*Asks:* 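Take a look at this one; I'll ask things after.
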Amino acid sequence: ACSGNDKNDEGAAESGGKLKEVSFGMMPYYDYAPWALAENQGFFEQEGIKFKSTMFPVEGNVAPALINGSIDIGGFGDTPSITLASQFQDLRMVSFLNIFKGFAIMANKKGDFKTYEQFLKESNDPKQAAIETGKQLKGKSIVTTSGAAFYMVLEQALVNAGLTMDDVKLIDMEPDVGVSAFISGTGDFYLGGLPQREKLQGEGYPALISGDEIGPGAVMLAGLATTKKYADKNPETIKSLQKVWFKTMDYMKSNPDEAYAFLAKWSNEQNGGKSTADDAKKFIEAYVIFAKSPEDAKALFYDENSSTSWKQRYEYLVKYHEETDIIKKDSVKINDLVLAESIFQSLQQE
Amino acid sequence: MMEIKQLSKVFAGVSGEVVALQNIDFSVKQGEFVSIVGTSGCGKSTLLSIVAGLSKHTSGEILVEGKAISGPGSDRAVVFQSDATFPWLTVSENIEYGMKVKRMSKEARKKKCDELLELLELEKFRDAYPREMSGGMRKRIDIGRAYAVEPQILLMDEPFGALDVVTREAMQDELLRIWSERRKTVIFVTHDLEEAMFLSDRIILLSPRPGRIKQIIDLPFARPRTQQLRESHEFYELRNQLRKIMG
Amino acid sequence: MMEIKQLSKVFAGVSGEVVALQNIDFSVKQGEFVSIVGTSGCGKSTLLSIVAGLSKHTSGEILVEGKAISGPGSDRAVVFQSDATFPWLTVSENIEYGMKVKRMSKEARKKKCDELLELLELEKFRDAYPREMSGGMRKRIDIGRAYAVEPQILLMDEPFGALDVVTREAMQDELLRIWSERRKTVIFVTHDLEEAMFLSDRIILLSPRPGRIKQIIDLPFARPRTQQLRESHEFYELRNQLRKIMG
Amino acid sequence: MKIKLLSYVSILILIAVWLVLTLGGIVESLFLPGPKQLYEVISTSYADLAKHMGYTLMRQFTGFFIGSALGIIVGLMIASNRYIQALLDPIIEILRPVPPLAVIPMLILWLGIGPVPQILLVIFGCFVILVVSTVEAVKNVPKIYVNAARTLGAQWFYIYRTVILPAIVPSLVGAIRVAAAASFGLVVAAEFMGAQEGIGYYMIIAQRYLRTDMILISIILISAIAWLVDQAIRKIEKRMTQWSERHQ
Amino acid sequence: MKIKLLSYVSILILIAVWLVLTLGGIVESLFLPGPKQLYEVISTSYADLAKHMGYTLMRQFTGFFIGSALGIIVGLMIASNRYIQALLDPIIEILRPVPPLAVIPMLILWLGIGPVPQILLVIFGCFVILVVSTVEAVKNVPKIYVNAARTLGAQWFYIYRTVILPAIVPSLVGAIRVAAAASFGLVVAAEFMGAQEGIGYYMIIAQRYLRTDMILISIILISAIAWLVDQAIRKIEKRMTQWSERHQ
Ligand SMILES: Nc1ncnc2c1ncn2[C@@H]1O[C@H](COP(=O)(O)OP(=O)(O)OP(=O)(O)O)[C@@H](O)[C@H]1O
Ligand SMILES: Nc1ncnc2c1ncn2[C@@H]1O[C@H](COP(=O)(O)OP(=O)(O)OP(=O)(O)O)[C@@H](O)[C@H]1O
Ligand SMILES: [Mg+2]
Ligand SMILES: [Mg+2]
């Protein structure tokens, strides 16, 4: 059961001139939409890749599918990659492509509180506003999902305000059911994924504070993960994927109308929504930061001084998870887990 | 008084229509003992089940005390041809079933049940389940259960068919004793001519498919009837005569 | 040749132990016609079911051709006391069941089945299901099914009990005809003394609880036996005599 | 015919209550979508829905048939032989109560995504329902039929085929109807295992965005199809149990 | 006794295979956790597990009992009267195949979290199994018993209590055993509905971190308890069907 995708031997594929098939696990969200755009534009073929997407509506299923070999590469966030790596030592993060900042703590409609924006208006000090906003969480109950990618947002919000998890009452459930519970009156605040945030906003629930407003700890680095075996055997493919990504970013920059129209259409196909190109554009600008070029990526992730440097973030996350006993001490070695930087460097050298 | 008028019953079976009863016409007086005799499959059980209110007839009328039968009731208790003891009840519970329905007191029930168990020679098996009983014993439970409710009309479908001659004669005598004491109506299906002759006031002879009344015989024998009657020449003569009529 | 030696059977029922059979000892010769007679509950069916190989005896021995019985087999076909027709098969399928087991050809089966249906007067119902049959008709299906396999030993548990006198006498005559043609062994349980006397070479009389052999009667009547025998004085005498022995 | 009418009445009442609640503005459409919302979903994505439903039904039918057949066969085997029973019963008893949801991540780990583990889950669910029901149904077959067959020379395999199997059909109807209904629940659960299509997939997406209108449509669709399946089972059953007193 | 031994053998083989696969290093512990991993989980969190299990069992038992009882009662009602049947049957037929997973978000929307919707889900699941099985079982009761009771003057309610009910017990054993096993699956699904404790909650957390060791422990625990429940049902059944030929 645990065999990888041996059939995709890299050398054979490239020398034969045939396209190399890559089975790619993704989720039906905007942050993955560029891959669909790339496929639509034929960028994969240009890099010798036959792209086969596998859509996962449930995050939890990507990991087992990757381990099992059902997919070669999957979209992954930073926190899940660490919790999984403690179980599955052969997990490899092979690139970082975007930063997700769109998570937000949502507030009950009838609650007595002020949003970050209101505080900001009063004090004009972002830092202070974040602290004041965070303080309101004390003693409140929050519906969220421990261990999810967005969970660190809450952690950071509390840290900012000098609080700990013990100061709040956690109602821990899957984001989908959580949002239902929240609407039906459970909890004072809600923290979940983006679809849930949108839904709540649509229903008139205010966002208390969002990830980027809280600070650098409250955003998520996202990229691609694969297994050690695949990474060892297919370094070229992994590089090609990054090339495809940057090519897509270029395309989006030069043809924004077509690009966003496509993204909106794709998203609607996935979830039966009715967004327009404009919605897609707004959404992406508000919630995600794409690494638009190799330089961009370097500045965001691989520059030690960046506030979103992967190294800093992974060290912090590993420490946090070790301290909270979610992973065993020393079960995750970030230099084994994350190959992204060395791959990125070799890509730069080409 | 029960009147059956131009009664017919047609079954729409898988293998085509079967006329089980055709233009049956007779009446039974209150307190009368009537036997229905006929060859296998001539419609005896069908007729009884219509009288019991368990089957609907296809045409004709059936009136009890001037009123059409609307369904079954404890005024017409039935001893079925096939095994009908409740397997989940013990022997005594089976016998008490109808009495419980009638909300008789526990003591009254117990008393009656004991009487019947003795009569049926099942005292030793009062707490046994039917599956531990022999075929004849189960039949006797059925009989006891019907006796227990003391119905206005007792309908019996070959009740003694599974019994050996000794038990059978004892049961016949008992039936006659009970009947003469209480003078309720009995309609008795049997395939045994002698039995019918010994027990009844009248015999209704059915002809097979379609089941029609072939003959109604009034029995000339005086009551009480004893073992002697069975051995009499008169009895023997009539038996042979009827046997010939049957075919 | 079948030998039964010191056979006993004890049931451990819910209401205590019941000694159904005690020290039964007799043998049946090849081709013999033996009847077992006794009051209800004396152990007739139990004995038959042990011979059939369906129940285990508690002690003693039972040998067929010198070998202990290890289980049931088509050499000993049974007509059960209670209804045993397969309700999911039509009349003709029921009758053909045992022949199918024996892998008889379709034509042979059909031929035999037609014969039997005629014999049993069920031709018109060949494609009907048992639930559409009367009690006596179902019994006849059972009989036909057992006849069809032409067993070495035919075991019949009150087979004609549910039949009217006409059908019954016809069936008795047929049984004797078939038996005398093929000369297979028949063990015949009945509660009807006359029937036993008319049919058998020997009658084994059982006494009730515990079931013991009370008497074994060799019948002096010559074969072939006809209606005249039934009406003879000799027959009548013996019947009354046996009746007295039974109690 | 009056009775048939009555059965429409109860559905009509259900629909009427729904209409009053939604069109009357008594509940918000998020909590209970009204006809307008449903119509919108249908009109925009009927093709999609049909496609998803097609995939789901394929899995559901395959799983239901294989699982039920296997359950009956293994149930007969267990009931037929005390040694087979001793060997298989404990394993089945251990596996039987395993919650399908709990094994989903395990199944993906072992078998990957794709239709195989999904159909397996449905097979398993129907299998355990029928295996138990078959074993119990066999116990309830009147001994006299088996005895009759034995004295006619039938061997155990033949008896199972010609006596036990037809005799248990009426008792299995309930189990088969339960399994058919359960198979819809199972296929939805199974499609949570990385299906790329199917009504379960459609529902997860709907849950993700709390699109109660899409959820309700899916539920209605499944109910309708399950109802048709149930009617078909009843029809077949009626033909197969013609010999019994069930339908009189 | 040899047979009893055999039934241990099959479990021992299962355990042996597991030990060889895990201790022999043939499969990674992530795919199939070995005894060491399980021991670790148990030794560190047995108190937690016991607590979770307690909550789960409370819900499972409550739901199972109420659901089964309700199913039998409603099943009897439907079987007893063609009007009741015409009224209730369509509604039950519509609800029966609704996938539990699909209604979870709706149920939470309507009822919030807390034990009520969770127990309701278990009740519903057991209810639909027993309602169908009861209706079918009643159809299979030999008519002669009902007829006998009717001619003894019994009215329908009395007949249902004293004839139909005891007569269907043997046929319901299978359905009750199926419902008991299903109730474990249902309670886990139900605890996915925002329970803050219970083995379902424990499993969700385990799934999130792909802690197959925790998942396996939960599965083993549930299997073990379900097995005990099944044994209890068999014991009770044996006492209640003493009168039948089932156990001979
Ligand atoms: N449910 C049924 N469907 C179709 N035909 C039936 C049904 N019940 C009885 N019959 C037919 O009606 C006729 C009369 O049957 P009935 O049971 O009344 O006979 P009977 O006189 O009681 O016979 P027996 O002495 O053998 O019991 C038979 O020919 C039988 O085939
Ligand atoms: N399964 C059983 N469990 C306990 N006792 C039984 C069982 N079967 C039969 N018996 C008892 O054994 C005795 C003999 O029963 P059997 O059926 O052999 O009688 P029978 O001679 O065939 O009677 P009948 O003429 O009434 O059929 C009876 O007293 C009965 O109570
Ligand atoms: Mg009859
Ligand atoms: Mg007997």
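Quick note on labels: first sequence line is chain A, next is B, and so on, each numbered from 1. From a predicted model like this one, the values you see are computed outputs, not experimental measurements.
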*Asks:* Got a donor-acceptor contact below 3.5 angstrom from the C/Arg131 side chain to the D/Trp243 backbone?
*Replies:* yes
*Asks:* Hey, is NZ on C/Lys111 packed in by over 12 heavy atoms from elsewhere, all under 6.0 Å?
*Replies:* no
*Asks:* Where on D/Val163 is there a heavy atom nearer than 4.5 Å to chain C: the side chain, the backbone, both, or neither?
*Replies:* both
*Asks:* Between D/Thr151 and C/Arg76, is any pair of side-chain heavy atoms under 4.5 Å apart?
*Replies:* no
*Asks:* Please determine whether the number of non-hydrogen atoms from other residues, nucleotides or ligands lying under 6.0 Å from atom OH of D/Tyr55 exceeds 12.
*Replies:* no
*Asks:* Is C/Asp83 close to chain D through its backbone or its side chain, or both, or neither, when contacts mean heavy atoms under 4.5 Å?
*Replies:* backbone
*Asks:* If I measure from the heavy atoms of chain C, does D/Gln155 come under 4.5 Å with its side chain, its backbone, both, or neither?
*Replies:* neither
*Asks:* Is the number of heavy atoms from other residues, nucleotides or ligands under 6.0 Å of D/Met240 CE greater than 12?
*Replies:* no
*Asks:* In terms of heavy-atom pairs under 4.5 Å with chain D, which of C/Phe80, C/Trp88, C/Tyr97 leads?
*Replies:* C/Trp88
*Asks:* For D/Thr162, is it the side chain, the backbone, both, or neither that has a heavy atom closer than 4.5 Å to a heavy atom of chain C?
*Replies:* both
*Asks:* Can you name the closest pair of heavy atoms from D/Arg150 and C/Gly53 and give their distance?
*Replies:* NH2-O, 4.4 Å
*Asks:* Can you confirm whether more than 12 heavy atoms, excluding those of C/Glu93, are under 6.0 Å from its CD atom?
*Replies:* yes
*Asks:* Any chance CH2 of D/Trp227 has more than 12 other-residue heavy atoms, nucleotides or ligands included, within less than 6.0 Å?
*Replies:* no
*Asks:* Should we say atom CZ of D/Arg82 is surrounded by more than 12 heavy atoms from elsewhere, each under 6.0 Å from it?
*Replies:* no
*Asks:* Under 4.5 Å between any side-chain heavy atoms of C/Phe86 and D/Pro166, yes or no?
*Replies:* no
*Asks:* To the nearest 0.5 Å, what is the distance between OG1 on C/Thr85 and OH on D/Tyr145?
*Replies:* 6.5 Å
*Asks:* Out of C/Pro151, C/Gly98, C/Ala84, which one racks up the most heavy-atom pairs below 4.5 Å with chain D?
*Replies:* C/Ala84
*Asks:* I'd like to know which of C/Val149, C/Val79, C/Val78 tops the heavy-atom pair count under 4.5 Å against chain D.
*Replies:* C/Val78
*Asks:* Side chain, backbone, both or neither: which part of C/Lys100 has a heavy atom under 4.5 Å from chain D?
*Replies:* both
*Asks:* Indicate yes or no: at least one non-hydrogen side-chain atom of D/Ile144 is less than 4.5 angstrom from one of C/Ser82.
*Replies:* yes
